[in-house]
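Below you'll find the structure, written out as structure tokens, and then a few comments.
Because only heavy atoms are used, hydrogens play no part in the values below, and waters and symmetry mates are left out as well, while side chains stay in. So that the names make sense, note that chain A is the first sequence line, chain B the second, and so on, each numbered from 1.
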Number of protein chains: 2
Amino acid sequence: MTLTTAEENYLKAIYHLSEGGTKSVSTNDVAAEMKTKPASVSDMLRKLGDKQVIEYRKYYGVNITEEGKKRALQTIRKHRLWEVFLVDKLQFAWDEVHEVAEELEHIQSPLLIQRLDAYLNYPKFDPHGDPIPDEYGDVRARPRLALIEMEVDQSGQIVAVKDSSAAFLKYLDKVGAYIGARIKILDKVEFDGSMEILVDQKKTLFMSKDVAANILAIQS
Amino acid sequence: MTLTTAEENYLKAIYHLSEGGTKSVSTNDVAAEMKTKPASVSDMLRKLGDKQVIEYRKYYGVNITEEGKKRALQTIRKHRLWEVFLVDKLQFAWDEVHEVAEELEHIQSPLLIQRLDAYLNYPKFDPHGDPIPDEYGDVRARPRLALIEMEVDQSGQIVAVKDSSAAFLKYLDKVGAYIGARIKILDKVEFDGSMEILVDQKKTLFMSKDVAANILAIQS
DNA sequence: TTATTGATTTAGCCTTGGCTAAAAATAAAA
DNA sequence: TTTTATTTTTAGCCAAGGCTAAATCAATAA
């Protein structure tokens, strides 16, 4: 049983909306996420229900099934692998890749993805720091925490930002921090919560607690 | 003015059917090429005519316009660049790439193609020996040369024979050479001018200098 | 010149994935 | 408990790309 491109996109949206909570996802939420109308969503939910990738009870929203979760994770895997390709191999900036990956993720060829994965050296995170599921849909996500939550002397790697406004990204770029950077906490100032961070074992960076709260890292 | 995936595929088919001859392409020919029905083709020709990429006169077939030719060549360029990527970077066999490239060629991103071209080092031929149009749609003419003129380790594709007598073609068929075959020169014997040729990456062929002088190939 | 044949187009229908407007069901407030 | 507000579904329509069957045009043969 195959899914169309539109169906794959809906399923991915439902998967994302389901993350965290255990409650059903509402038709309205899906419509907002997909930038479409609730009426269109109702039709699609019926189709996805028929295909067993979601459990759909009229008027009560949907829950994604195990099969659906597996499908969604495959699509997410493809999306994120393509993002790595675009950034690592084709020199795209990490904030330029989403649209293109959105198209590439629907190419149907298991061999292609297998080979791409190998070619990229089996990456575990995409350029935004989001984990890449393996071919069975397993995500080995190390817990992400804000820099502000880390202790002095802990090391890690920047994997994402909470606030991805242009202003903030520009700031990060200016001071020399970036997704993927290796960092170590050198000091935390009790007084104002500001921090001193070692970047790539050479550059020392001072940041306010507001900035430190907006940068997510994995510990190593 | 953008073309849908279906329109791009029709236009590509019409371009290929136009190659060589100057006569109009018939609805039936397009239907055969697209593996669809003439009735469906009529509708599509009207649409492509409206978009000015073909000149369509009811009952008299179509001619591709300059704009249409440019569009078709862009699609062909994308297709062939992706084929090079799949073979050179992802280790696909040259006869496994067509289907996947058929999907990849419709990804919309000029930047992607520009970068891919650079990443592949501006290849001039795809893995089948077909030329890759540049970003303005210019196609470099394929220099044909006799096998006897090629050097050891050069690769290419058989594109024609000088002597097309039945006897010679029968001989070619018997030894497993054919128009379109991918070949690589393994050895040239100084003594008698005979050659050792690898055909389709698997079969080794010995041929006299008379035979090698009668087979034309393009280098890749 | 007319009749016939073969190619082509038109008419009408199907599916997918959108939409709006109206109806219906649920949830919240009185 | 009944009314009201909100959410969701249904009904009916649209465009893209397919299809079949029927009509029409162009080219050929008589």
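We find that CZ of R46(A) is positioned 14 Å from C1' of dT8(D), with the value rounded to whole Å. Between the P atom of dC25(D) and the NZ atom of K58(B) lies a distance of 9 Å, rounded to the nearest Å. Rounded to an integer number of Å, the gap from M44(B) CE to dG17(D) P is 5 Å. Distance NZ (K35(B)) to P (dG18(D)): 14 Å, rounded to an integer number of Å. Whole-Å rounding puts the R57(A) CZ to dT9(D) P distance at 12 Å. To the nearest angstrom, C1' of dC25(D) lies 5 Å from OH of Y59(B). Atom pair D29(A):CG and dT7(D):C1' shows a separation of 11 Å (rounding to whole Å applied). To the nearest angstrom, P of dT8(D) lies 16 Å from CE of M34(A).
Atoms CD1 and CD, on I183(B) and Q219(B) in that order, are 9.0 Å from each other to the nearest 0.5 Å.
The side chain of Y60(B) places an N or O atom within less than 4.0 Å of a non-bridging phosphate oxygen (OP1 or OP2) of dA26(D). An OP1 or OP2 oxygen of dA16(D) is reached within less than 4.0 angstrom by no side-chain nitrogen or oxygen of Y10(B). Within the 4.0 Å cut-off from OP1 or OP2 of dG17(D), not a single side-chain nitrogen or oxygen of T36(B) is found.
Candidate nucleotides dT8(D), dC19(D), dG17(D) were compared by shortest atom distance to the side chain of K47(B), and dG17(D) ranks first. Minimum atom distance to the side chain of T4(B) is reached by dA16(D), of the listed dT9(D), dC25(D), dA16(D).
Note on T27(B): only backbone sugar-phosphate atoms sit closer than 4.0 angstrom, heavy atoms only; bases stay farther off. Residue contacts shown for S40(B) include a base, since a base heavy atom lies under 4.0 Å away.
With hydrogens and angles ignored, the 3.5 Å screen pairs no side-chain donor or acceptor of T27(A) with any backbone N or O of S42(A).
Classified by interplanar angle (parallel below 30°, tilted 30° to 60°, perpendicular above 60°), the ring pair F85(B)/W82(B) is perpendicular.
Atom CD of E96(B) has more than 12 heavy atoms from other residues, nucleotides or ligands within 6.0 Å. Within 6.0 Å of atom CZ in R182(A), 12 or fewer heavy atoms from other residues, nucleotides or ligands are found, so the atom counts as exposed in its surroundings.
Counting 5' to 3', DNA chain C first comes under 4.0 angstrom of a heavy atom of chain B and last does so at the ends given by dA7(C) to dT10(C).
A donor atom on one side chain and an acceptor atom on the other are found under 3.5 Å apart for S194(A) and D192(A). Y178(B) and D200(B) are linked by a side-chain donor-acceptor pair at a separation below 3.5 angstrom, with hydrogens and angles left out of the test.
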